[in-house]
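Accompanying notes for the structure given below.
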Amino acid sequence: MIPEADHTPDGPQYEGRPLDRPDDEVVDQGAAFDLRTLVSRRGILSIAGLGVGAAALAACTAVGNAAASPSATGAATPSPTPTPTPTPTPTATAPLPAGEIPDETAGPYPGDGSNGPDVLEQSGIVRSDLRSSIGGGATADGVPLQFTLRITDMANGDTPFAGVAVYAWHCDAQGRYSMYSSGVENESYLRGVQVTDADGQVTFTSIVPGCYSGRWPHIHFEVYPAVDAITDSANAIATSQLAFPESMLGGVYALPAYDGSAANLAGVTLASDNVFGDDGGALQVATVTGDASSGFSAMLVARVDTTTAPTGGSMPGGGPGGR
């Protein structure tokens, strides 16, 4: 059911708050309005008492343990099938990298408005589960993946960078990017934003991406100073990519859902990849646990230095290597 605004003498309101965009529906108010609504609801639950909190926690656990439905291009609003979800890697086990996370290209499929399509303007983009398109549509099929990014503030002694917004996106098992690739232009799966907690962490539920020709398997991400800043890609304070260790990929790419990925992986290495090749992805290869049957957990610590000017985000010239 689409929520409706209350009409008051002071204009349209929802849950006692004026709409940011009075002429639009409640669901079209943008990411900042969504986040304030989520925070407000969490406050109400905390006041309601332990019983309500326990019920909410049980509900969140049930959602987090749901895997993608079988078809990435099927009917609208598919029903996820419960599967085991890997346990996130604890913060304490992730060492501090030797340097700042390298600035990298956002590639030709960012969906951040820099080259046309803009998912960051959509209500619902602030979410942790990336597997389904926003507002209904297709659900991406693949091996379950839970990945955590921990952002540290180098300019302040590598303290946890709390309150920054992280936008993450990647291709599906067939190497397609939602909003761009043929057949999924109208989908928005495998894209989402989270705001870092007190430990500087965000965790997303997704699938292991496929390997397409010319690139090592990876996840793109942009870091913004706050969630209100995500509507302009020029506000990003860091743009980089997470790489996967080769040891986890063989079992994944042997599965039918990843047809073609094994052959594409055989044609590229971390050393030959035009993004990770300068240093073999030394600061970008995630720490991963799990297996292809039960799913994986991945962790990457990204040190962000706000005293240096960002140089990533633009597309490299020519060919598929910039993806």
Could you tell me the separation between the [atom1] atom of [X] and the [atom2] atom of [Y], rounded to the nearest 0.5 Å?
X: Phe244; Y: Phe296; atom1: CZ; atom2: CZ; result: 9.5 Å
X: Gln241; Y: Glu104; atom1: CD; atom2: CD; result: 5.5 Å
X: Leu130; Y: Leu145; atom1: CG; atom2: CG; result: 9.5 Å

Just so I know, are the side chains of [X] and [Y] near enough to count as touching, which here means a heavy-atom distance under 4.5 Å?
X: Val126; Y: Val227; value: yes
X: His220; Y: Pro110; value: no
X: Met179; Y: Glu185; value: no
X: Val164; Y: Asp153; value: no
X: Arg150; Y: Thr196; value: no
X: Tyr212; Y: Ser181; value: no
X: Phe221; Y: Ile101; value: yes
X: Thr152; Y: Val301; value: yes

My understanding is that only residues two or more places apart in sequence, or in another chain, count here; which of them pass side-chain contact (heavy atoms from CB on, under 4.5 Å) with [X]?
X: Asp118; value: Leu120, Glu121
X: Asn186; value: none
X: Ser188; value: Val119, Gln122, Ser133, Ile134

(request) Kindly write out the residues that satisfy side-chain hydrogen bond (donor to acceptor under 3.5 Å, both in side chains) with Ser206, not counting sequence neighbours, or none if the list is empty. (result)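 Residues passing side-chain hydrogen bond (donor to acceptor under 3.5 Å, both in side chains) with Ser206: His170.
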
(request) Show the numbers, then the answer: is there a side-chain contact (heavy atoms from CB on, under 4.5 Å) between Gln284 and Leu242? (result) CA-CA 5 Å; Gln284 295 163 277; Leu242 173 157; 6.0 Å; no

Polar side-chain atom of [X] near backbone of [Y] as donor-acceptor pair, under 3.5 Å:
X: Gln146; Y: Ser297; result: no
X: Asn235; Y: Pro225; result: no
X: Asp172; Y: Ala140; result: no

Check whether the side chains of [X] and [Y] place a donor and an acceptor atom closer than 3.5 Å, and report yes or no.
X: Ser294; Y: Asp291; result: yes
X: Thr148; Y: Thr203; result: yes
X: Asp129; Y: Thr205; result: no

(request) Walk me through it: do Trp216 and Leu265 pass the test side-chain contact (heavy atoms from CB on, under 4.5 Å)? (result) CA-CA 7 Å; Trp216 188 262; Leu265 184 67; 3.5 Å; yes

(message) For a side-chain contact (heavy atoms from CB on, under 4.5 Å) check, start with the C-alpha distance between Gln174 and Val184, then their side-chain angles and the critical distance, and finish with the verdict.
(response) CA-CA 11 Å; Gln174 291 79 48; Val184 294; over 6 Å; no

Please list every donor-acceptor pair under 3.5 Å in which a side-chain atom of residues 251-260 meets a protein atom from a residue at least two apart or in another chain.
| unit_1 | atom_1 | unit_2 | atom_2 | d |
| --- | --- | --- | --- | --- |
| Tyr253 | OH | Pro209 | O | 2.9 |
| Tyr258 | OH | Val143 | N | 3.0 |
| Tyr258 | OH | Val208 | O | 2.6 |

(message) Using a 6.0 Å cut-off, check whether atom CD of Glu246 has over 12 heavy atoms from anything other than its own residue.
(response)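 Not buried by this count: 12 neighbours or fewer within 6.0 Å.
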
(request) Check the pair Tyr189 / Tyr177 against side-chain hydrogen bond (donor to acceptor under 3.5 Å, both in side chains), numbers first and verdict last. (result) CA-CA 9 Å; Tyr189 57 56; Tyr177 282 88; over 6 Å; no

On a heavy-atom basis, which atom in [X] and which in [Y] lie closest, and how many Å separate them?
X: Arg176; Y: Ser182; result: CD-O, 4.2 Å
X: Ile219; Y: Ala168; result: CG2-CB, 4.4 Å
X: Phe204; Y: Val166; result: CZ-O, 3.6 Å
X: Pro102; Y: Leu283; result: CD-CB, 4.0 Å
X: Cys211; Y: Ser261; result: N-OG, 3.0 Å
X: Pro160; Y: Gly200; result: CB-N, 3.6 Å

(request) Quick one: list whatever passes salt bridge (Lys or Arg N to Asp or Glu O under 4.0 Å) with Asp158, sequence neighbours left out. (result)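 Result, salt bridge (Lys or Arg N to Asp or Glu O under 4.0 Å) vs Asp158: Arg303.
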
(message) Between Gln201 and Gln194, is the side-chain hydrogen bond (donor to acceptor under 3.5 Å, both in side chains) condition met? List the steps.
(response) CA-CA 9 Å; Gln201 291 193 169; Gln194 284 278 282; over 6 Å; no

(request) Answer yes or no for Arg215 and Phe276: cation-pi contact, defined as NZ/CZ to six-membered ring centre under 6.0 Å and angle to ring axis within 45°. (result)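 Because its charged atom sits under 6.0 Å from the ring centre and within 45° of the axis, Arg215 does stack over Phe276.
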
(message) Check the orientation of Tyr167 and Trp169. Use parallel for under 30°, tilted for 30 to 60°, and perpendicular for over 60°.
(response)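 Geometry flag for Trp169 against Tyr167: parallel rings.
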
(message) Working note: Ser114 + Ser233, criterion side-chain hydrogen bond (donor to acceptor under 3.5 Å, both in side chains); need CA distance, chi angles, decisive distance, verdict.
(response) CA-CA 6 Å; Ser114 59; Ser233 61; 4.5 Å; no

(request) Apply side-chain contact (heavy atoms from CB on, under 4.5 Å) to Ile151 and Val223, showing your working. (result) CA-CA 9 Å; Ile151 313 299; Val223 181; 4.3 Å; yes

(request) Please check if Ile237 and Leu300 belong to a single hydrophobic cluster, counting links between Ile, Leu, Val, Met, Phe, Trp and Tyr side chain heavy atoms closer than 4.5 Å. (result)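 Ile237 and Leu300: one cluster.
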
